[in-house]
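Inspection log for the structure reproduced underneath, given as structure tokens.
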Amino acid sequence: MKIISSKKVWLGVWLILLFILGCMVWEPVKAEQTDGAGDSAGFQTPLPEMPIPVEVPAPTDAPLAPTPVPTAPPAPLVLKNKNAVYRAGKQKGIGYGKIKKGKIYRISSYGSDPVRLLPSKKSTFCITGGIRKRDIASKKIKVSRAGVVSCADRARDKKQYAIVQVTAKETGESIFVYIYFAPRIYTKTPTKQVVYQGKTTRLSYNYSAKKIKFISSNKKVARVDKKGIVTTRQKGTSVIEAKVRGSQKNLVKVKIIVKEEPWLVNDRDTVYSYEDMSEDLRQIARKYRGRAALKCLGTSEDGRNIWCLRIGNPSAGRKLLLDGGIHAREWLNSLMLMRKSEEILRQYADYKNTLAHTCLYVVPMINPDGVTISQSGFGSIRNKKLRKICKKTKKPARTWKGNARGVNLNLNFPGGWNTKNKSKKPDGMTYPGEKAASEKETKAMMRLVNSISGLREALNYHSTGSILYWNYNVEGTPVLYGRQKALAEKVNQFTGYRLMPKSISTDPNGGFGDWLIYNKKIPNVTVETGSVMCPLPHSQLGKITRENNSLLSWFAGSREN
């Protein structure tokens, strides 16, 4: 192998380098000529000058210095309670430690509700003001380390005030908080009350009802409205809670015990006498003053009062009459009518709308002398002459029907009065009297009816048979007959008592019902209660009451004209 000389080698290297350099120069020139950058003579543009390389310092591992940032001032101490208002001082009610200038936080609360202060920084708390120093010293107002301000003052209607200084632990800056504690609620009425079933009671507080929310724990027993009026419904116990609106614990509770109201009329009285009835009527009139009134229509032959209990509005357009005890031995109806009268008054709310335009007249015992004879014998008649008349009849006192003069009062009215097939002398059974309306009791009932303007209907209670006398001979007066028939059918619908045929109760016979329909054109029905011979035993009262209760409620209650 031949060894090439070093000169030849270096020559070859230089030739290669020149070739490469030429190529590098030639390419841009060629491009300019191709693009038309040269002139038309074909002169070449001189080569651009080569840029001189600039030395770049090598990167180092040392970090760059940070740009200084301005330091913000620390946030001030503030109170974050949502219900706090920040405004000028001069706090109302503060007599100790009052802040007169500058702004202060204000919070309203109640003596029952603690206030937890929420400062923006960790702070200490100190009471610096109040109504009196001694209130603070005696801890009527105090603040805990956690910033809970509480009022221990339980005096009624007492308002408390306090100023609390809140100091940040780190910065030492302070803010002041004024807190007003409104009085605790209390009831002006007893916190435990017994209320009779169906009655109402009004609860009274030191706050107006508009600021109180009422809640009943048992609405089935008692309900309470927005005004604090409690209406009882059934026997039991209910707790009425009264809470001041917007408060947490400012509330008071009243326990309502609902009991059945004791009755004035004792339906367990097996012998309901004239004296019992009179006392009951007086008590009813006193208890239900404004809703009921008692009037004496006159006196009986032996000097006993003939009472009339008026229930409802005396100026009302609709007037109704209930009567009983016209026959001596039928006194059990007097007890039934008295009990129902009291029931209507006890449940007056159920009848209130009706009784605003209705007036009910109740004469429970038209014949007090006769009732006394039937219950206690002829010796109970005080007038010697009358006692002699009664004894002379030689009739049993227990089954007596007439008055103390031996007159059957239901044959003594001028509605077809006659003596046909009747006794010609006092006998306490069928004697119609010397003439129509000869008896004091008859005259008293006639005066009552004549004094009632617009009397519409009447129910006359008798015994026995569970039947209804109604079909008077008034078919020739269609309007009157229609009203009479409608009333009788309604009584039959409620009681189930049999409607007696026309042949038995057509002709006027001196009865009270006869006089009402024939002389006064007032529809009426004679209701015969009981299913055994008179005088009815007390055991029949429950059955009679059940059969007639709904009827009497309807009669006294709301119905179409």
Side-chain angles (χ1 to χ4, degrees), residues 298 300-302 306 323-331 333 363 365-374 378 381 383 385-447 449 458 460-465 467-474 500-520 524-530 533-536:
S300 65
E301 296 291 345
D302 197 35
I306 302 170
D323 63 84
I326 196 170
H327 285 150
R329 64 189 186 185
E330 299 170 12
W331 55 265
N333 287 327
V363 185
M365 194 179 288
I366 298 175
N367 184 8
D369 293 347
V371 169
T372 303
I373 290 172
S374 178
F378 298 126
I381 298 299
N383 186 291
K385 183 178 179 180
L386 295 175
R387 195 185 316 138
K388 184 177 180 180
I389 293 174
C390 294
K391 289 182 177 181
K392 189 177 180 179
T393 64
K394 297 183 180 181
K395 295 290 177 66
R398 188 170 178 271
T399 57
W400 191 264
K401 293 182 71 174
N403 66 354
R405 283 176 19 108
V407 177
N408 184 331
L409 296 175
N410 206 40
L411 299 175
N412 189 240
F413 286 83
W417 181 87
N418 65 80
T419 59
K420 184 179 180 181
N421 298 325
K422 298 181 180 68
S423 176
K424 307 299 181 183
K425 59 182 180 179
D427 67 348
M429 298 297 289
T430 64
Y431 180 51
E434 298 171 356
K435 60 180 179 179
S438 60
E439 306 307 296
K440 288 185 176 181
E441 297 88 348
T442 305
K443 294 174 181 176
M445 290 302 295
M446 292 175 65
R447 282 196 303 270
V449 173
N460 314 309
Y461 272 88
H462 287 249
S463 294
T464 183
I467 55 179
L468 305 175
Y469 292 111
W470 71 278
N471 199 346
Y472 302 99
N473 190 16
V474 292
M500 296 304 288
K502 179 178 178 179
S503 59
I504 297 180
S505 57
T506 297
D507 298 328
N509 199 35
F512 182 49
D514 296 328
W515 180 71
L516 288 175
I517 192 75
Y518 292 117
N519 295 58
K520 307 302 295 184
N524 69 95
V525 174
T526 296
V527 184
E528 297 276 356
T529 64
M533 293 297 295
C534 288
L536 300 177

On a heavy-atom basis, which atom in W470 and which in M500 lie closest, and how many Å separate them? NE1-O, 3.3 Å

Shortest non-hydrogen contact from S463 to E330? O-OE2, 2.9 Å

Note, V449 side chain near W515 side chain (heavy atom, < 4.5 Å): yes

Hey, could you give me the OG1/CD distance between T419 and E434, rounded to the nearest 0.5 Å? 12.5 Å

Looking only at atom types and distance, does a side-chain atom of N383 sit under 3.5 Å from a main-chain N or O of K385, one as donor and one as acceptor? yes

Rounding to 0.5 Å, atoms CD1 (I326) and OG1 (T442) come to a distance of 6.5 Å

Kindly indicate whether the side chain of I381, heavy atoms from C-beta on, has any atom under 4.5 Å from the side chain of K391. no

Inter-residue atom distance M365.CE - N333.CG, 0.5 Å rounding: 10.5 Å

Measuring from N367:CG to E301:CD, what's the distance to the nearest 0.5 Å? 10.0 Å

The test is side-chain contact (heavy atoms from CB on, under 4.5 Å); show your working for N473 and K502 and say whether it passes. CA-CA 8 Å; N473 190 16; K502 179 178 178 179; 4.1 Å; yes

Side chain D369, main chain D302, donor-acceptor under 3.5 Å: yes

Determine whether more than 12 heavy atoms belonging to other residues, nucleotides or ligands lie under 6.0 Å from atom NZ of K424. yes

Least distance between heavy atoms, F378 atom then C390 atom: CD2-CB, 3.4 Å

Using a 4.5 Å cut-off on heavy atoms from C-beta on, say whether the side chain of L536 contacts that of T529. yes

Return the minimal non-hydrogen interatomic distance between T399 and P535, and the atom names on each side. CG2-CD, 4.4 Å

Kindly say whether G416 contributes a backbone atom to a donor-acceptor pair with the side chain of N418 at under 3.5 angstrom? yes

With distance as the sole test, does T464 use its side chain to make a donor-acceptor pair with the main-chain N or O of G530 at under 3.5 Å? yes

Rounded to the nearest 0.5 Å, how far does CE of M429 lie from CH2 of W400? 9.0 Å

Interatomic spacing from CG in L516 to CZ in F413 - rounded to 0.5 Å: 8.0 Å

May I ask you to test the R329-K401 pair for a side-chain heavy-atom distance under 4.5 Å? yes

Got a donor-acceptor contact below 3.5 angstrom from the N412 side chain to the E439 backbone? yes

Are any side-chain N or O atoms of W417 and backbone N or O atoms of P432, one a donor and one an acceptor, separated by less than 3.5 Å? yes

Using every non-hydrogen atom in the two residues, find where L411 and T430 come nearest and quote the distance to one decimal. CD1-O, 3.5 Å

Look at the aromatic rings of H462 and H327 and report parallel, tilted or perpendicular, splitting at 30° and 60°. perpendicular

Taking the side chain from S374 and the backbone from G370, do they hold a donor-acceptor pair closer than 3.5 Å? no

Is it true that E441 and N403 share a donor-acceptor pair across their side chains at a distance under 3.5 Å? yes

State, without any angle test, whether Y469 and N460 hold a side-chain donor-acceptor pair at a distance under 3.5 Å. no

Taking all atoms of both residues into account, what is the closest heavy-atom pair of Y518 and P508, and its distance? CE1-CB, 3.5 Å

